[in-house]
Amino acid sequence: QVQLVESGGGLVQAGGSLRLSCAVSGRTFRWSVIDWLRQTPGKEREFVAAIAWSGGSTDYADSVKGRFTISRDNAKNTVYLQMNSLKPEDTAVYYCAIRRTGVKIYDVWGQGTQVTVSS
């Protein structure tokens with residue numbers, strides 16, 4: 001059973017940076033993809049970025065392209081989300097989740113980490 005644990009959230013001023021971590025434990029497969037998503041109250045969860053566990057191909061939402069970078073360290077079983085040039089509208093609870101390539105159904109979610117960007 002895969003488990004995901006996020007960390008690294010916090011309060012930052014607009015224009016600042018944060019790095020989120022998603023520690024992955026348990027068995028993953030070459031077809032696994034780790035996504036970062038975010039949610040604010042009253043809204044649906046929004047896709048932010050994705051990375052293939054094998055191969056490392058990435059994908060980003062248009063709203064974060066050029067500001068956020070997703071990466072992985074397979075030796076540490078950790079996926080990172082480096083967030084730069086943060087904006088107040090980036091404020092949300094950020095989740096990592098695991099799915100299979102080509103499928104938008106998530107098998108496991110982390111508990112989430114709060115990111116708050118002040119103006």
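Residue numbers count from 1 along this sequence.
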- Task: Using the six-membered ring wherever Trp is involved, compare the ring planes of Tyr94 and Phe68 and label them parallel, tilted or perpendicular (cut-offs 30° and 60°).
- Result: tilted
- Is there a donor-acceptor pair under 3.5 Å between the side chain of Thr40 and the backbone N or O of Ala92? no
- Query: So how far is it from Asp73 CG to Thr78 OG1, rounded to the nearest 0.5 Å?
  - Reply: 6.5 Å
- Tyr60 (side chain) donor-acceptor with Ile70 (main chain) under 3.5 angstrom: yes
- Query: To the nearest 0.5 Å, how far apart are OH in Tyr106 and CG in Leu4?
  - Reply: 12.0 Å
- Would you say the side chain of Trp53 lies within less than 4.5 Å of the side chain of Val79, judging by non-hydrogen atoms? yes
- Task: Starting at CG of Asn84, measure out to CG of Leu18 and round the result to the nearest 0.5 Å.
- Result: 9.5 Å
- Task: Would you confirm whether Glu6, through its side chain, and Cys96, through its main-chain N or O, come within 3.5 Å as a donor-acceptor pair?
- Result: yes
- Measure the OG1-CG distance between Thr113 and Leu81 for me, rounded to the nearest 0.5 Å. 11.0 Å
- Are the charged groups of Lys65 and Asp62 less than 4.0 angstrom apart, N to O? yes
- Message: Can you tell me how far apart CG (Leu11) and CD (Gln114) are? Round to the nearest 0.5 Å.
- Response: 9.5 Å
- Partner of Val64 under side-chain contact (heavy atoms from CB on, under 4.5 Å), picked from Met83, Lys87, Glu46, Arg38, is Arg38
